[in-house]
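The structure presented is a predicted model; accordingly, all values stated were derived computationally and were not measured.
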Amino acid sequence: MRIAQVAPLHESVPPHKYGGTERVVSYLTEELVRTGADVTLFASGDSCTRAELDPICERALRLDPHCRDPMAPTMRLLERVARRAREFDVIHFHIDYLHFPLSRALGLRQLTTLHGRLDLRELQAVYDEFSDMPVVSISLAQRRPLAQARFVGNVYHGLPLDLYRFQPEPDDYLAFLGRISPEKGVGRAVAIARRLGMRLRIAAKIDRHDRDYYEREIASLFADPLVEYVGEIGEADKGAFLGKARCLLFPVDWPEPFGLAMIESMACGTPVIAFRCGSVPEVVDEGVTGYCVDSLEAAVAATARAADLDRRRCRECFERRFSVERMARDYLRLYGAIAEDRDPVAA
């Protein structure tokens, strides 16, 4: 099967540091190549892949100080995909709805994985207009705001089983991994650590648009001797960071579409304490890979008993539910249906 993967240009594939969507695109692309598929990856030129790389721009836009108009390279991306579209049995887009007019006009055999939140008011009109576009959710909770969208599948993210080593013996600290932003709840994580008198290590990036929030609400919290801010980390450092943690705090305050950090933690055997938002109850197996909570008090109590969870069972649950092999199989079923003009929902 000839498959195109169309990635955002904001980060490379895989990203050098933070970048959930691009990381998932990388895992999927490499696994499809391993199974024998003929894959072309449309991405930034600093991407690394065993697939054929069609480089759209020299480097990832977030890391390019000379890029002042990110939409310009994205327009080039759409034109390049359109020019080569007939080379592929199916085109898999990861760039939200930007290609919908093009896909409809050209009658492309395609599908789109929606990686972000879907509860934004402006999206209603988009999916009213493009209700024929086949889309894939990454959790069932993610779908709820867009009943009119044509969801043809739900595919949970997956990771290579050898990406992170199982860590049976943790150190005595809590971990937070992600972004410094209001919806990710780093302030809640600090509050949990303070109430328990435990060390908290924070590995997170600060986007430009979140800088004011960080300076206004978070920077002073990092002065606490219990809190260590280690900055933005890449793939090579995640295994040790997560694996040696007592548990991962995932105190989100938004409709989380999936939460890649949760399964990265589980892969190390490290349980997750997460607020019950969005996808969280679908991803966390209660009492096995962690606990879902509804309040700060419940989070404190759950964190205190996280050490009683069996880290080996946590890893086994990850292997069963969130491997890259399972993710690729799920997508290949959808690809096959689309390539053969069958209803993907029945795939």
Side-chain angles (χ1 to χ4, degrees), residues 139 141 156-157 159 161 163-180 183-204 221-222 224-230 233 237-254 256 258-322:
S139 69
Y156 294 127
H157 290 335
L159 307 177
L161 294 181
L163 184 64
Y164 299 117
R165 290 177 55 192
F166 170 64
Q167 298 278 1
E169 297 295 333
D171 292 336
D172 196 23
Y173 68 87
L174 309 174
F176 177 95
L177 176 67
R179 283 186 288 115
I180 305 296
E183 66 270 16
K184 291 296 186 178
V186 67
R188 283 175 167 176
V190 173
I192 294 165
R194 281 175 164 174
R195 291 200 188 188
L196 292 168
M198 292 187 68
R199 279 198 306 140
L200 172 65
R201 302 187 70 210
I202 297 171
L221 302 179
F222 288 3
D224 192 308
L226 287 173
V227 177
E228 178 189 0
Y229 177 53
V230 300
I233 63 174
D237 300 312
K238 279 188 184 179
F241 176 79
L242 291 170
K244 286 298 183 180
R246 182 70 59 185
C247 66
L248 173 72
L249 299 182
F250 198 76
V252 291
D253 189 22
W254 74 311
E256 177 66 59
F258 182 79
L260 197 60
M262 291 191 286
I263 66 171
E264 291 174 328
S265 185
M266 295 170 192
C268 301
T270 301
V272 179
I273 309 302
F275 276 63
R276 199 186 312 273
C277 295
S279 67
V280 165
E282 296 177 51
V283 176
V284 175
D285 283 84
E286 186 74 19
V288 179
T289 60
Y291 297 109
C292 302
V293 299
D294 298 296
S295 68
L296 192 63
E297 291 71 22
V300 171
T303 302
R305 66 179 190 273
D308 297 332
L309 294 176
D310 186 332
R311 294 174 72 93
R312 175 65 67 180
R313 285 188 68 201
C314 185
R315 167 71 190 196
E316 289 170 353
C317 188
F318 156 76
E319 291 179 356
R320 185 175 68 254
R321 297 189 61 204
F322 300 114

Would you say Y164 and L159 make side-chain contact, with heavy atoms under 4.5 Å?
-> yes
Tell me the salt bridge (Lys or Arg N to Asp or Glu O under 4.0 Å) pairs involving residues 270-292, sequence neighbours left out?
-> R276-D294, D285-R321
For A189 against L249, the heavy-atom pair lying closest together = O-CD1, 3.8 Å
Closest non-hydrogen atom pair, A302 against I273 | O-CD1, 3.8 Å
Contact check, side chains of Y291 and V284, non-hydrogen atoms, under 4.5 Å | no
Could you give the distance from OG1 (T303) to CZ (R305), rounded to the nearest 0.5 Å?
-> 9.0 Å
Do any N or O atoms from the side chain of R311 and from the backbone of E169 form a donor-acceptor pair under 3.5 angstrom?
-> no
Interatomic spacing from SG in C317 to CZ in F322 - rounded to 0.5 Å = 6.5 Å
Just wondering, do V230 and I202 contact through their side chains at under 4.5 Å, heavy atoms?
-> no
Are R246 and Y173 in a cation-pi contact, defined as NZ or CZ under 6.0 Å from the six-membered ring centre and within 45° of the axis?
-> no
Would you indicate whether the side-chain heavy atoms of D172 and M198 approach each other to under 4.5 Å?
-> yes
Looking at L200 and A193, what are the two nearest heavy atoms and their distance?
-> CB-CB, 3.7 Å
So, S265 side chain and T270 main chain: donor-acceptor pair closer than 3.5 Å or not?
-> yes
L221 side chain reached by V227 side chain, heavy atoms, under 4.5 Å | no
Partners meeting ring pair (Phe, Tyr, Trp, His ring centres under 6.0 Å) with F166 (sequence neighbours left out) | none
Nearest non-hydrogen partners of I192 and V300, listed with the distance | CA-CG2, 4.2 Å
Expected output: side-chain T289 to main-chain M266 donor-acceptor under 3.5 Å = no
Compare all side-chain heavy atoms of F241 with those of R201 and state whether any distance is below 4.5 angstrom.
-> yes
Just wondering, do L177 and I233 contact through their side chains at under 4.5 Å, heavy atoms?
-> yes
Could you give the distance from CZ (F275) to CD (E256), rounded to the nearest 0.5 Å?
-> 14.0 Å
Which value, rounded to the nearest 0.5 Å, describes the distance between F176 atom CZ and R188 atom CZ?
-> 11.0 Å
Taking NZ, NE, NH1 and NH2 as the nitrogens, is one of them in E319 or R315 under 4.0 Å from a carboxylate oxygen of the other?
-> yes
Pairwise distance CG(L242) to SG(C247) - rounded to 0.5 angstrom = 11.0 Å
Hey, could you give me the NZ/CD distance between K244 and Q167, rounded to the nearest 0.5 Å?
-> 5.0 Å
Do you know the tightest heavy-atom contact between C268 and G239?
-> SG-O, 3.9 Å
Check: M262 and S279 side chains under 4.5 Å, non-hydrogen atoms = yes
V272: which of V283, L309, L248, I263 passes side-chain contact (heavy atoms from CB on, under 4.5 Å) = L248
Atom of A306, atom of P271 and distance for their closest heavy-atom approach = O-CG, 4.0 Å
Ring geometry between F258 and Y156 (parallel below 30°, tilted from 30 to 60°, perpendicular above 60°) = tilted
Are R194 and D224 close enough, and set up right, to give a salt bridge (Lys or Arg N to Asp or Glu O under 4.0 Å), and what steps lead you there?
-> CA-CA 9 Å; R194 281 175 164 174; D224 192 308; 2.8 Å; yes
